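Heads up, the thing below is written out as structure tokens.
Excluded from the calculations below are hydrogen atoms, water molecules and symmetry mates; all remaining heavy atoms, backbone and side chain alike, are included. Computed from a predicted structure; not experimentally measured.
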Amino acid sequence: MNFIWDKITEWLKGLLVSGIMSNLTGLFEGINGQVTEIASNVGKTPQAWNGSIFSMIKSLSENVVVPVAGIILTFVLCLELIQMLIDRNNMHDFDTFIFFKWLFKAAAAVLIVTNTWNIVMGVFDVAQSVVNSAAGSIGSNTAIDVNSVVANLEARLKEMDIGPLFGMWFQSMLMGIVTWVLTICIFIVIYGRMIEIYMVTSVAPIPMASMMNRDWGQMGQNYLRSLFALGFQAFLIMVCVAIYATLVQNIAITEDVSSAVWTCIGYTVLLCFTLFKTSSLAKSVFNAH
């Protein structure tokens with residue numbers, strides 16, 4: 001009977017050990033893939049990220065939004081001219097120079113509206129140049145290897161009893177669920193940012209049409225702040241990835257298998273939480289509320 005029980009125990013241990021190794025290997029490979037995707041996606045301009053969406057948004061902006069911006073621009077320029085005239089003693093005392101000033105403002109406003117797309121893409125080109133420079137400076141290995149966290153993991157698992165192995169197997173399954181949730185969160189942050197960029201740039205001519213008016217100009221200024229916040233959010237994301245890379249590479253090899261694995265998961269949770277904060281942090285830096 002003992003011989004049969006030993007064989008069953010050995011078979012169960014082999015099954016559990018292989019299951020735990022498979023779960024943990026897939027777990028870390030999934031985390032590594034997501035982190036690598038973060039670094040690659042934030043380093044792309046809107047045009048490079050998806051050329052088809054970029055062309056569609058550009059077409060909508062130039063063919064649908066620009067005519068509306070032209071109407072708003074006409075209203076803003078008329079309002080600007082009226083304000084210039086009534087500012088000087090209700091039109092009883094004014095200089096002819098104000099007409100030249102108004103013509104200069106009108107020409108500048110038309111130039112801004114007709115070149116809005118180039119201005120907006122220029123903002124993101126500047127931001128991506130900073131991101132790419134940062135990637136070269138903070139480039140570090142973000143990959144987590146099971147053996148780098150727990151030395152000789154498989155051999156040490158084989159030394160454990162059936163009870164602890166069952167517990168470790170359930171923990172590895174739970175960690176897989178946590179990682180799946182984190183994968184969704186990272187996907188939302190990265191892809192949600194790019195979709196937000198496309199949506200914001202599609203209506204760019206409208207706020208830019210108000211730039212030359214002192215009362216309405218705040219709309220355009222706030223819009224530019226939001227563009228810079230979106231662009232430099234990618235830089236903050238790269239800083240998050242760099243901090244994460246430093247943390248995971250400094251994980252000490254430990255005797256406690258469960259503690260070491262949960263430490264890695266904790267760092268990944270911290271990364272995900274910080275990614276969600278980058279949007280509000282970037283807006284607070286540029287006061288784009």
Examine V200 and F228 and state if one hydrophobic cluster contains both, with Ile, Leu, Val, Met, Phe, Trp and Tyr joined whenever side-chain heavy atoms are less than 4.5 Å apart. yes
I'd like to know whether T45 forms a side-chain hydrogen bond (donor to acceptor under 3.5 Å, both in side chains) with Q128, so could you lay out the CA-CA distance, the side-chain angles of the two residues, the decisive distance to 0.1 Å, and finally the verdict. CA-CA 6 Å; T45 61; Q128 293 311 121; over 6 Å; no
If I compare all heavy atoms of M208 with all of L224, which pair ends up nearest, and what's the gap? SD-CD2, 4.1 Å
Rounded to the nearest 0.5 Å, what separation is found between the CG atom of L275 and the CD atom of Q233? 9.0 Å
Return the minimal non-hydrogen interatomic distance between L73 and A209, and the atom names on each side. CD1-O, 3.5 Å
Distance (rounded to the nearest 0.5 Å) between M194 CE and N50 CG: 8.5 Å
Is there a path from M121 to L227 through hydrophobic residues (I, L, V, M, F, W, Y) whose side chains come within less than 4.5 Å of each other? yes
Decide whether F187 and L230 are clustered together by the hydrophobic rule: side chain heavy atoms of Ile, Leu, Val, Met, Phe, Trp, Tyr closer than 4.5 Å, transitively. yes
Expected list for residues 63-72: side-chain donor-acceptor pairs under 3.5 angstrom, two or more places apart:
unit_1: N63; atom_1: ND2; unit_2: S59; atom_2: O; d: 3.1
unit_1: N63; atom_1: ND2; unit_2: S59; atom_2: OG; d: 3.1

Hey, what do you get for OG (S202) to CE (M56), rounding to the nearest 0.5 Å? 9.0 Å
Return yes if some donor-acceptor pair links the side-chain N/O of S129 with the main-chain N/O of D125 below 3.5 Å, else return no. no
NZ on K283 to OG1 on T278, rounded to 0.5 Å: 10.5 Å
Is any side-chain heavy atom of R193 closer than 4.5 Å to a side-chain heavy atom of I237? yes
If I take atom OG from residue S210 and atom CG from residue L77, how far apart are they, to the nearest 0.5 angstrom? 11.0 Å
Is it possible for you to say whether V126 and F54 belong to one hydrophobic cluster, with membership spreading through side-chain heavy-atom contacts below 4.5 Å? no
Is there side-chain contact between E196 and M199, with heavy atoms separated by less than 4.5 Å? no
Determine whether the aromatic ring centres of residues W49 and F124 are separated by less than 6.0 angstrom. no
How long is the span from the CD1 atom in I57 to the CD1 atom in I195, to the nearest 0.5 Å? 10.0 Å
K105: partners by salt bridge (Lys or Arg N to Asp or Glu O under 4.0 Å), with sequence neighbours left out: E80
Compare every heavy atom of A204 with every heavy atom of V120, then report the nearest pair and how far apart it is. CG2-CB, 3.6 Å
For Y223 and T201 the tightest heavy-atom approach is OH-CA, 3.6 Å
Of all heavy-atom pairs between I119 and I112, which one has the smallest distance, and what is that distance? CD1-O, 4.0 Å
Is there a path from F276 to Y191 through hydrophobic residues (I, L, V, M, F, W, Y) whose side chains come within less than 4.5 Å of each other? yes
Heavy-atom closest pair, residues T116 and P205: CG2-N, 3.7 Å
